[in-house]
Number of protein chains: 2
Amino acid sequence: MAQLDRSLIAGSPTFAGMPPEALDEILAQASALRLPKGEAAFRQGEPAERFFLLLHGRLRVTRLNPQGQQMVARFIAPGDMFGVAMAIQVEAYPGTATAAVDSLALAWPNAVWSALLARHPSLAVKTMQSLGARLQDSQKRILDLSTQQVEQRIAGAVLQLAQQAGRKTEDGLLIDFPLSRQDLAEMIGTTLHTVSRTFSAWEAIGLVECGRQRVVVRDRAGLQKIAKKQD
Amino acid sequence: MAQLDRSLIAGSPTFAGMPPEALDEILAQASALRLPKGEAAFRQGEPAERFFLLLHGRLRVTRLNPQGQQMVARFIAPGDMFGVAMAIQVEAYPGTATAAVDSLALAWPNAVWSALLARHPSLAVKTMQSLGARLQDSQKRILDLSTQQVEQRIAGAVLQLAQQAGRKTEDGLLIDFPLSRQDLAEMIGTTLHTVSRTFSAWEAIGLVECGRQRVVVRDRAGLQKIAKKQD
DNA sequence: TCGCGACTTTGCGCGAAGACAAACAATCGG
DNA sequence: CCGATTGTTTGTCTTCGCGCAAAGTCGCGA
């Protein structure tokens, strides 16, 4: 395998601040994984044998319930660790991670995990914080699902995605990966129809601009107002 | 303060397997906290200055959104750590923990946390696992909220509570703490009215038996069938 | 023991949003 | 360049469950 440069992982919050030799040692055990758009890093229910770091691209994590209905659990950005099932004592991946665009990841065999933990205590702390952040996010989503109207939830999701993956353009803030109405619907627990209708209405009053798998936020403040309003 | 016995914490999964001296050392830094029914261990938004272990009783954790709507995030059982905000780098408690029945907890000042982590690496691992379990649970709730009907969600919540806090009686499995229709409604994102109606219907066909803040599961299999059904 | 407050039940009407349906783009591979 | 596939829009109809309202009941504290 080609030599991997330590700069690949130094930028990730998980490994930030580690001495260069440690980074090299960690990298030596990783293998690179090319993920063309649409390909899965792992699938729900598969035995969790590896954990990953996304270097480039964007992954969509989906979960299927026993009745076959699907939801989008989260999007993974470059620098994020994912598939860390063994950290939380889970035997099988609880979801499926699919490349939303051509992506590149590093993968480590599970066995590496406990060795890393032992040698680098900061890793446990960082992982704890990352899990904590995801937990916070999940709790917020539960609260939103329980208490907010669909339109408010769509606004919230779009704003969050814009913040997480926004790229400035002349028109506004472009969400920088293909995002279908269906994806958005599965993120917030509604149907693509409702999302589509809402977008049409928003487009008419200049809040957003959108096309096929493409969303541009034109009026962030306006969306925030919708997300927060209570009537 | 009265001397605390190490058996108090040895039973908690977080501290299980630690040598007795370590337990004693940890206990020495704890203070006991009596929580009469209705009293809060901490409130949402308060600066997080302590973390806790529930010894006895049951706490209800609620979250309020900016519009003032409330939800029940989880119930804390004896042996659970809670208020571990500092572990996930959060300045303020994200929710309010109220005693559902007279309860007893241990409390440690935040400063103890990093020292404990450094001396007892297993603590990080255990905390990670507990966060992981909560994350899994949250994700499941999101999936349910997004895809399941209200009746299925009520059934699911009741079954979960029965498993977590069930006590066998001659009539069936009693949920062993006061649980109002309102609580249940806030757990699954509906109104107390709908919960009440559903319970009336279930009671009529013998699935459950219930009274004021009281639920007894009579036909577990029947509830499971409702929870899983897809039509 | 007797209120009073907290919790629960039940009825009714309405509205948000889901189901179904069908037409319409845009993209891609051949 | 064309057809197939995938994604999007829009319309209509239906319905679940929420909002509102009011009455009923249980239990605790005075």
Side-chain angles (χ1 to χ4, degrees), chain A residues 36-38 60 67-72 98 100-102 144-155 157-158 175 177-204 208-216 226 229-231, chain B residues 36-38 60 67-72 98 100-102 144-155 157-158 175 177-204 208-216 226 229-231:
Chain A
K37 177 175 175 175
R60 182 180 52 236
Q67 285 95 50
Q69 287 152 303
Q70 186 174 279
M71 67 161 305
V72 173
T98 316
V101 294
D102 289 349
D144 288 350
L145 277 168
S146 310
T147 63
Q148 307 267 70
Q149 303 281 89
V150 168
E151 189 182 11
Q152 304 175 353
R153 301 208 303 268
I154 301 176
V158 169
I175 293 178
F177 59 93
L179 179 76
S180 73
R181 305 286 180 273
Q182 177 81 44
D183 290 337
L184 225 20
E186 286 179 9
M187 283 187 72
I188 61 166
T190 181
T191 59
L192 77 162
H193 307 270
T194 302
V195 174
S196 179
R197 272 180 245 273
T198 306
F199 271 34
S200 296
W202 286 353
E203 194 151 28
V208 299
E209 190 175 312
C210 49
R212 197 186 176 76
Q213 303 197 108
R214 191 169 152 284
V215 180
V216 181
I226 290 179
K229 111 167 103 189
Q230 54 197 312
D231 55 48
Chain B
K37 177 175 173 175
R60 182 181 51 237
Q67 286 96 50
Q69 287 151 302
Q70 186 175 281
M71 67 161 304
V72 174
T98 316
V101 294
D102 290 348
D144 288 349
L145 277 168
S146 311
T147 63
Q148 308 267 71
Q149 302 283 88
V150 168
E151 189 183 11
Q152 304 175 348
R153 302 208 304 265
I154 300 177
V158 169
I175 294 178
F177 60 92
L179 179 76
S180 72
R181 306 285 179 274
Q182 177 81 45
D183 290 336
L184 225 21
E186 287 179 7
M187 284 187 71
I188 61 165
T190 181
T191 60
L192 75 163
H193 308 272
T194 302
V195 175
S196 179
R197 273 179 247 274
T198 307
F199 270 35
S200 297
W202 285 354
E203 194 150 29
V208 298
E209 191 174 312
C210 50
R212 199 184 176 75
Q213 302 198 109
R214 191 171 154 285
V215 180
V216 181
I226 290 179
K229 109 167 106 191
Q230 54 197 314
D231 53 52

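Naming convention: chains lettered A, B, ... in sequence-line order (proteins, then strands); numbering from 1 in each chain. Predicted model, so just to flag it, every value in this text is computed and none were measured.
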Minimum-distance nucleotide to [X] side chain [options: [options]]:
{"X": "B/H193", "options": "D/dT9, D/dT8, D/dC20", "value": "D/dC20"}
{"X": "A/Q213", "options": "C/dG18, C/dT8, D/dG7", "value": "D/dG7"}
{"X": "B/S180", "options": "C/dG18, C/dT10, C/dT8", "value": "C/dT8"}
{"X": "A/T190", "options": "D/dT25, D/dG17, C/dA17", "value": "C/dA17"}
{"X": "B/R212", "options": "D/dG17, C/dC7, C/dA16", "value": "C/dC7"}

**OP:** Just call it for A/S196: base, sugar-phosphate, or nothing, with non-hydrogen atoms closer than 4.0 Å on any strand.
**Re:** base

Original post:
Base, sugar-phosphate, or nothing for A/T191, non-hydrogen atoms under 4.0 angstrom?
Top reply: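 Answer is sugar-phosphate: A/T191 comes under 4.0 Å of backbone atoms only.
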
Which heavy-atom pair separates [X] from [Y] by the least distance, and what is that distance?
{"X": "A/P178", "Y": "A/V101", "answer": "CD-CG1, 3.2 Å"}
{"X": "A/I188", "Y": "A/V150", "answer": "CD1-O, 4.3 Å"}
{"X": "B/F199", "Y": "B/V208", "answer": "O-CG2, 4.3 Å"}

Taking atom [atom2] of [N] as reference, at what distance in whole Å does atom [atom1] of [X] sit?
{"X": "A/E209", "N": "D/dT9", "atom1": "CD", "atom2": "P", "result": "13 Å"}
{"X": "A/Q148", "N": "C/dA17", "atom1": "CD", "atom2": "P", "result": "11 Å"}
{"X": "B/E203", "N": "C/dT10", "atom1": "CD", "atom2": "C1'", "result": "14 Å"}
{"X": "A/L184", "N": "D/dG7", "atom1": "CG", "atom2": "P", "result": "14 Å"}
{"X": "A/Q149", "N": "D/dG17", "atom1": "CD", "atom2": "C1'", "result": "12 Å"}
{"X": "B/L145", "N": "C/dG18", "atom1": "CG", "atom2": "C1'", "result": "17 Å"}
{"X": "A/R181", "N": "C/dC24", "atom1": "CZ", "atom2": "C1'", "result": "14 Å"}
{"X": "A/Q182", "N": "C/dA19", "atom1": "CD", "atom2": "P", "result": "12 Å"}

Original post:
What does the inter-axis angle of the helix from C/dT1-D/dA30 to C/dG30-D/dC1 come out as, five pairs per end, nearest 10 degrees?
Top reply: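 Comparing the axis at each end, I get an angle of 50°.
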
Original post:
Hey, which of B/L145, B/T198, B/L184 is the one that makes side chain to side chain contact (heavy atoms under 4.5 Å, CB included) with B/R153?
Top reply: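 The residue from B/L145, B/T198, B/L184 that satisfies side chain to side chain contact (heavy atoms under 4.5 Å, CB included) with B/R153 turns out to be B/L145.
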
Original post:
Is any side-chain N or O of B/T194 closer than 4.0 Å to OP1 or OP2 of D/dG17?
Top reply: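 No.
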
Original post:
Any side-chain N or O of B/S200 under 4.0 Å from OP1/OP2 of C/dT10?
Top reply: yes

Subject >> Verdict with reasoning, A/R181 to A/C210, per side chain to side chain contact (heavy atoms under 4.5 Å, CB included) >> reply: CA-CA 10 Å; A/R181 305 286 180 273; A/C210 49; 3.6 Å; yes

Original post:
Would a distance-only check, ignoring hydrogens and angles, find a side-chain to backbone donor-acceptor pair under 3.5 Å from A/D102 to A/K37?
Top reply: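 It does hold such a pair.
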
Original post:
Can you check whether B/E186's main-chain N or O pairs, donor with acceptor, with B/Q70's side chain at less than 3.5 Å?
Top reply: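 Not confirmed, B/Q70 side chain does not pair with B/E186 backbone.
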
**OP:** Tell whether A/R197 reaches the base of C/dA17 with its side chain through a donor-acceptor pair below 3.5 angstrom.
**Re:** no

Original post:
Passes side chain to side chain contact (heavy atoms under 4.5 Å, CB included), B/M187 versus B/M71? Steps please.
Top reply: CA-CA 6 Å; B/M187 284 187 71; B/M71 67 161 304; over 6 Å; no

